[in-house]
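Quick notes on the structure that follows.
Chain letters run A, B, ... following the sequence lines, proteins first, then strands; residues in each count from 1.
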Protein chains: 2
Amino acid sequence: MTSPEGGDRRPASERLADELRRSIESGELPAGAKLSSERELAELHGIARNTARQAIRLLAESGLVIAEHGRGVFVRPAISVIRLGNDRYSPRYRDTGLSPFLLECAKQGKAGRFEVLSVERVTPPADVAARLKLSPDTLSALRRENVFWADADPVQRVTTWLPWALADGTALLRDEVGHPFGIHGILEERGHTMTRIHDEISARMPTPDEREHLQLSPGVPVLDVLHTSIDTEGEPYELTRFVMRADLSGLRYDAPVE
Amino acid sequence: MTSPEGGDRRPASERLADELRRSIESGELPAGAKLSSERELAELHGIARNTARQAIRLLAESGLVIAEHGRGVFVRPAISVIRLGNDRYSPRYRDTGLSPFLLECAKQGKAGRFEVLSVERVTPPADVAARLKLSPDTLSALRRENVFWADADPVQRVTTWLPWALADGTALLRDEVGHPFGIHGILEERGHTMTRIHDEISARMPTPDEREHLQLSPGVPVLDVLHTSIDTEGEPYELTRFVMRADLSGLRYDAPVE
DNA sequence: GAGTGGTCTAGACCACCTA
DNA sequence: AGGTGGTCTAGACCACTCC
């Protein structure tokens, strides 16, 4: 850049990032608009291409723009968020015949579907075993992995663990469990009715693996939810980890103060 | 790099990042250890310094290392997470005389404190007004801003909005509300007992402002929680936005299935 | 003062998309 | 084919930390 206008002593990349950010927030660059190319920005501002590139990275990291290889850099469109609520397990919604995720997609006019990745007998990781209160001599569980899609976007990776003793010999071992109320319908028939939930929520950047599976653009974090189902006896019997794209989804909890 | 060993055709920066990642995960580089400097890494691997730098950025973005200007790059130590639970509003904890955040800090042996940033009469943003069911002719609210600290780290920025009619003329306008049960103690005396909560949770990268206030390292997302308090009449009367460092904090919900 | 990360330059080639 | 972003090089200077 020719000179730090207005006595702005910050790095040129930050100044350019701020200029572009203002253009976006003022609406001068509306959602979906294409920014000038890195080479154009560099020439216009009298800086090296790498410096313009650094400015764009700053914007991409805060989620304002998205770079598309070979096409250009675009202002990220506002997206509607799929908000998974704690009422997702409520018997109230059973008569819709839809699982909670699909119901939420339908509300937002999106086509939801899910895919079964694997159904396997495994030794669960320590944090899962602890929350399921599995004793060391029964350290065996059924693990089911799914991916949930809304339209063309993968939104959540969902991994469920069940104590092996509970799952063995049931339809839970099949890819399609074939019960109108899903796996919780089968678990109810086996005497475990979900009475309380215990959810632990974290946010973090995705692992390289997750970045690929969820088609995450750089700078988008994930919500990591560890859900434990508690039965009428107060005992845990099912655990699910949701890894959710934070740009497309969120959570909602409605609960009494106890 | 001299040649893509083992036919690995990925960029050199990714290969170096993976090599370092393995060293960290195997314990060869334990928490707190200093990595070789960028210049050393470049020379050792026969790559340009910028390429070594890119590898380190990949690791920093996934939270594995932290770069300290003038000192070096260090393996990020495992950190204990302050998990804010929905029982934070429970009357059960009143006899401890501690607010929920301070209680959670105490449990983890940290020194918790909070700081009042501002107490002002404002026109609330649209999303806040809607959740508080403020009508357009009473669009006025008291806003209180706080920062919560654990030891030397700022952990949460907390902003509370109250309908002006509810706050006017009360101790809520003062910096220190001077009630043993905090603002909710005063609100109860004014006839609003928290009966239910409605929390909406998102994760995102911080704004530049938040990055500064929360002293966030690059690649650390925030949890953004919009909490609404519902009284015995089922009406909302208080709204709080928590912006929490995701590397130091999380959430927990224990709730009945209704 | 020596060493570190942070920023920047002015080039180069590659991978990808659009036409 | 031409333009785009992705990666890389081989330098340079600055800001910060530590001795």
Of the listed dG6(C), dT9(D), dT7(C), the closest approach to the Ala67(B) side chain comes from dG6(C)

Exercise for the section: Measure up the Phe148(A) and Phe114(A) rings against each other and bin them: parallel (under 30°), tilted (30 to 60°), perpendicular (over 60°). Expected result: parallel

Nucleotide N/O of nucleotides 16-18 of chain C paired with protein N/O under 3.5 Å:
from	atom 1	to	atom 2	distance (Å)
dT18(C)	OP1	Arg71(A)	NH1	3.2

Quick note, Glu40(B) side chain, CB onward, closest among dG5(D), dG6(C), dT4(C) is dT4(C)

Here the distance between atom C1' of dG6(C) and atom CZ of Arg10(A), to the nearest Å, is 15 Å

Atom CD of Glu68(A) and atom C1' of dA15(C) are separated, to the nearest Å, by 15 Å

> Is any side-chain nitrogen or oxygen of Ser37(A) closer than 4.0 Å to OP1 or OP2 of dT4(D)?
Replying inline: yes

Atom CD of Gln54(A) and atom C1' of dT9(C) are separated, to the nearest Å, by 14 Å

Tested for salt bridge (charged side-chain N to carboxylate O under 4.0 Å, His left out) against Glu210(B), the lone hit among Arg245(B), Arg204(B), Arg241(B) is Arg204(B)

Less than 4.0 Å between a side-chain N and a carboxylate O, is that true for Arg211(A) and Glu61(B)? no

When rounded to whole Å, the CD1 to P distance for the pair Ile47(A) and dG6(C) reads 19 Å

- [ ] Evaluate the side-chain proximity of Glu212(B) to Pro206(B): yes if any heavy-atom separation is below 4.5 Å, no if none is.
- [x] no

task: Give a yes/no on whether any side-chain N or O of Ser13(B) is located under 4.0 angstrom from OP1 or OP2 of dT7(D).
output: no

TODO: Kindly say if Thr51(B) contacts the phosphate of dT7(D), meaning a side-chain N or O under 4.0 Å from OP1 or OP2.
DONE: no

Closest of dC8(C), dC8(D), dG5(C) to the Arg49(B) side chain is dG5(C)

Side-chain contact check for Arg39(B): nearest option of dG5(C), dC8(C), dC8(D) is dG5(C)

Of dC8(C), dT7(D), dG5(C), the nucleotide closest to the side chain of Arg53(B) is dG5(C)

Rounded to whole Å, NZ of Lys34(A) lies from C1' of dT4(D) at a distance of 7 Å

Glu43(B) CD to dA10(D) P, in whole Å, measures 12 Å

Ion pair present between Arg22(A) and Glu19(A), side-chain N to carboxylate O less than 4.0 angstrom?
no

Of dA10(D), dT4(C), dG5(D), the nucleotide closest to the side chain of Ala48(B) is dA10(D)

Whole-Å distance, Arg57(A) CZ to dT7(D) C1', equals 12 Å

task: Would you mind checking if Asp18(A) and Arg21(A) are paired as a salt bridge, meaning a charged N to carboxylate O distance below 4.0 Å?
output: yes

In whole angstroms, the gap separating C1' of dA12(C) from CG of Asn50(A) amounts to 11 Å

Q) Charged N to carboxylate O below 4.0 Å: is that the case for Arg83(A) and Glu200(B)? A) yes

